[in-house]
Number of protein chains: 2
Amino acid sequence: MFAHVNVRPATMPSILGGLTARHANCITSEFHYRKGSEIYGEKEPAEYVYQVVSGAVRSYKLLSDGRRQIGAFHLVGDIFGLENAETHRFTAEAVVDTDVRLIRRMSLERVADSDFALARNLLIMTTSNLQHAEDHMLLLGRKTALERVAAFLLEMDRRLTGVGVVALPMCRRDIADYLGLTLETVSRALSKLHGYGAVDFLGSNQREIMLIDRDQLSRLDN
Amino acid sequence: MFAHVNVRPATMPSILGGLTARHANCITSEFHYRKGSEIYGEKEPAEYVYQVVSGAVRSYKLLSDGRRQIGAFHLVGDIFGLENAETHRFTAEAVVDTDVRLIRRMSLERVADSDFALARNLLIMTTSNLQHAEDHMLLLGRKTALERVAAFLLEMDRRLTGVGVVALPMCRRDIADYLGLTLETVSRALSKLHGYGAVDFLGSNQREIMLIDRDQLSRLDN
DNA sequence: CGCTTTGTTGACACTCGTCAAACTAAGTGG
DNA sequence: CCACTTAGTTTGACGAGTGTCAACAAAGCG
């Protein structure tokens with residue numbers, strides 16, 4: 001599984017706009033997390049910022065009775081765990097075996113006061129997280145199950161390859177908890193999309209490769 | 001339009017941490033919006049940043065068929081319309097007759113590069129918007145109607161007075177579109193909470209004053 | 001080749017949405 | 001001042017969409 005993923009550090013957007021190592025005066029190192037293992041927990045002190053080198057990560061919140069809302073998936077190249085408070089607001093777990101680059105975090109005050117460009121990058125990244133959350137609120141509050149799944153496939157296609165071929169790293173339950181649905185509803189929506197011809201499945205391994213018809217999905221997505 | 005503009009010394013927490021006028025080199029002025037009128041539209045260029053002086057504002061997104069998701073309510077003292085891209089990502093409307101203070105916006109680049117403290121304030125405000133959106137995703141994705149309404153009342157109490165007495169400026173439809181419900185479901189949830197003794201209504205005017213039992217509501221909220 | 005995990009599908013239940021009616025409050029003009 | 005209108009709220013009846021529970025199939029794995 002994921003045998004062909006080859007990391008090319010040189011082609012990956014470098015963390016914090018290429019400013020980390022020399023400006024933040026910190027050590028960057030790589031670390032491996034096995035599928036399902038926790039990278040950090042909600043309310044833990046935020047010591048590091050992370051970048052996905054290979055694999056995928058989910059960030060989620062829990063209610064007291066175990067209901068889970070995944071706020072975002074972090075894919076290759078994405079930065080996550082960026083907080084300017086002292087603690088993490090999500091739990092982060094590896095969706096599959098995942099390599100991450102770690103950067104020891106500085107306090108926000110020192111960062112923002114010491115480097116204009118870095119401060120701007122922090123703001124840009126935070127804003128892009130905010131924008132994603134804003135769009136996701138619309139999805140969670142107002143879209144139907146079919147629209148959510150269509151939007152999800154389009155998002156993953158855009159972020160993974162952008163060519164209409166998607167190999168999802170996450171399972172149905174993860175998708176469901178991202179979309180505010182149950183895994184059964186996600187499965188049914190995918191079957192329906194398959195029936196419409198908007199999605200085709202290649203190979204019959206568990207983590208199927210999907211061929212998606214972006215025009216058709218876009219029409220469903222509003 | 002712009003008939004009542006009058007410049008005033010700050011009697012409330014001044015915008016952008018008291019740095020606007022002298023640091024951002026801009027004019028602050030007040031303006032009045034009548035109930036229901038639009039302050040800015042989604043995708044319009046972001047020329048100003050706003051602060052609520054009196055009244056209340058809703059920020060929302062629409063789907064093509066008219067479904068609406070309110071992302072946030074802005075109450076007295078709140079700053080809104082803060083974008084670092086060139087355009088607004090929400091439409092903003094006055095919920096009731098509302099006075100706002102306007103500050104002409106600078107481009108993000110110039111702001112962040114010219115003032116450390118201002119850059120930090122921008123980041124702090126953006127982060128607090130992000131945190132609200134993250135919490136709201138959990139509500140929209142995973143909470144029941146009753147839990148959403150309970151959480152809403154607690155949020156409004158906290159932000160308006162914090163003493164368990166709430167006078168909501170917005171109508172049932174606004175609440176519904178904020179919580180991802182219908183107005184009927186909101187009304188039923190409030191009736192149920194009233195039945196539980198978690199909410200009491202004072203006076204019988206339209207915009208009732210509510211007495212809320214925060215302990216009881218907190219138990220429902222998870 | 002069993003065993004476990006993940007995904008699919010069906011039957012059914014239930015929450016919430018839809019539609020409709022009654023009611024209250026507020027605004028308007030004669 | 002009072003009918004009349006308009007906007008907003010509440011409540012009921014009903015139905016649709018999604019969740020729940022269960023059975024089965026498929027895939028991964030030792």
Side-chain angles (χ1 to χ4, degrees), chain A residues 1-3 34-36 58 63 65-69 95-97 139-150 152-153 167-195 199-210 220, chain B residues 34-36 58 63 65-69 95-97 139-150 152 167-195 199-210 220:
Chain A
M1 183 189 289
F2 275 80
R34 281 234 244 302
K35 175 174 177 169
R58 56 180 174 251
L63 293 178
D65 61 358
R67 281 173 286 174
R68 183 179 70 158
Q69 179 63 43
V95 170
V96 292
D97 283 16
L139 179 148
L140 293 171
R142 287 300 177 219
K143 291 188 182 178
T144 67
L146 205 62
E147 289 167 344
R148 295 182 201 202
V149 173
F152 174 74
L153 293 175
L168 296 176
M170 70 290 288
C171 68
R172 297 288 184 264
R173 171 166 297 280
D174 286 342
I175 300 173
D177 286 350
Y178 180 60
L179 299 178
L181 301 169
T182 60
L183 62 92
E184 292 94 334
T185 299
V186 170
S187 184
R188 277 186 255 268
L190 284 170
S191 297
K192 192 176 254 186
L193 291 174
H194 184 64
V199 180
D200 260 357
F201 301 92
L202 278 199
S204 52
N205 21 357
Q206 182 131 3
R207 198 101 310 134
E208 311 109 6
I209 292 166
M210 297 183 180
L220 288 171
Chain B
R34 280 231 246 303
K35 175 175 176 168
R58 57 180 172 251
L63 293 177
D65 61 359
R67 280 173 287 174
R68 182 178 71 159
Q69 179 63 43
V95 170
V96 292
D97 284 15
L139 179 147
L140 293 171
R142 286 300 178 221
K143 292 189 181 177
T144 66
L146 204 63
E147 289 167 344
R148 295 182 202 203
V149 172
F152 174 73
L168 295 176
M170 70 290 288
C171 68
R172 297 286 183 265
R173 171 166 296 282
D174 286 341
I175 300 172
D177 286 350
Y178 180 59
L179 300 178
L181 301 169
T182 61
L183 62 92
E184 293 94 333
T185 300
V186 170
S187 184
R188 276 185 254 268
L190 284 170
S191 297
K192 191 176 254 185
L193 291 174
H194 183 63
V199 181
D200 261 356
F201 302 91
L202 278 200
S204 54
N205 23 355
Q206 182 129 4
R207 197 101 309 133
E208 311 109 5
I209 291 166
M210 296 183 181
L220 288 169

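So you know, we letter chains A, B, ... as the sequences are listed, proteins then strands, and number each from 1. Note that the coordinates shown come from a computational prediction; the quantities given were computed from them, not determined experimentally.
Of the possible polar contacts, none joining the A:Glu208 side chain to the A:Ala167 backbone as a donor-acceptor pair under 3.5 Å is found. With hydrogens and angles disregarded, no donor-acceptor distance shorter than 3.5 Å links the side chain of A:Arg34 to the backbone of A:Val96.
Remark: B:Thr182, B:Glu184, B:Thr185, B:Arg188 in residues 182-189 of chain B come within less than 4.0 Å of DNA chain C through at least one heavy atom.
Taking atom CD of A:Glu208 as the reference point, atom P of D:dA26 lies 13 Å away to the nearest angstrom. Atom pair A:Leu202:CG and D:dA27:P shows a separation of 14 Å (rounding to whole Å applied). The interatomic distance linking A:Arg173 (CZ) with C:dT4 (P) rounds to 19 Å, in whole Å. To the nearest angstrom, P of C:dT6 lies 15 Å from CG of A:Leu168. The distance from atom CE of B:Met170 to atom C1' of D:dT9 is 16 Å, rounded to the nearest whole Å. If you measure from atom CZ of A:Arg142 to atom P of D:dT18, you get 13 Å, rounded to the nearest angstrom. A straight line from CG of A:Leu140 to P of D:dT18 spans 13 Å, rounded to a whole angstrom. As rounded to whole Å, 21 Å separates atom P of D:dA16 from atom CG of B:Leu181.
Computed from C1' positions of five pairs at each end, the angle between the two local axes of the helix from C:dC1-D:dG30 to C:dG30-D:dC1 equals 40°, rounded to 10 degrees.
In this structure, A:Glu184 has no salt bridge (charged side-chain N to carboxylate O under 4.0 Å, His left out) partners at least two apart in sequence or on a different chain. Considering only residues two or more places apart in sequence or on other chains, A:Thr144 meets the side-chain contact (heavy atoms from CB on, under 4.5 Å) condition with A:Leu146, A:Glu147, B:Arg67. For A:Arg58, the side chain to side chain donor-acceptor pair (under 3.5 Å) partners at least two apart in sequence or on another chain are A:Glu93, A:Asp174. Not counting sequence neighbours, B:Ser187 has no partner by the side chain to side chain donor-acceptor pair (under 3.5 Å) test.
Side-chain atoms of B:Gln69 and B:Leu140, non-hydrogen and from C-beta on, do get closer than 4.5 Å to each other. Side-chain contact between A:Ile175 and A:Val149: absent, with no pair of heavy atoms (C-beta onward) separated by less than 4.5 Å.
Using a 4.0 Å heavy-atom cutoff across all strands shown, B:Gly36 reaches no nucleic acid atom at all.
Atom-to-atom distance recorded for A:Leu183:CG and A:Arg188:CZ is 9.5 Å, nearest 0.5 angstrom.
Counting only heavy atoms from C-beta on, B:Ser191 has its side chain closest to D:dT10 among C:dT8, D:dT10, D:dT18.
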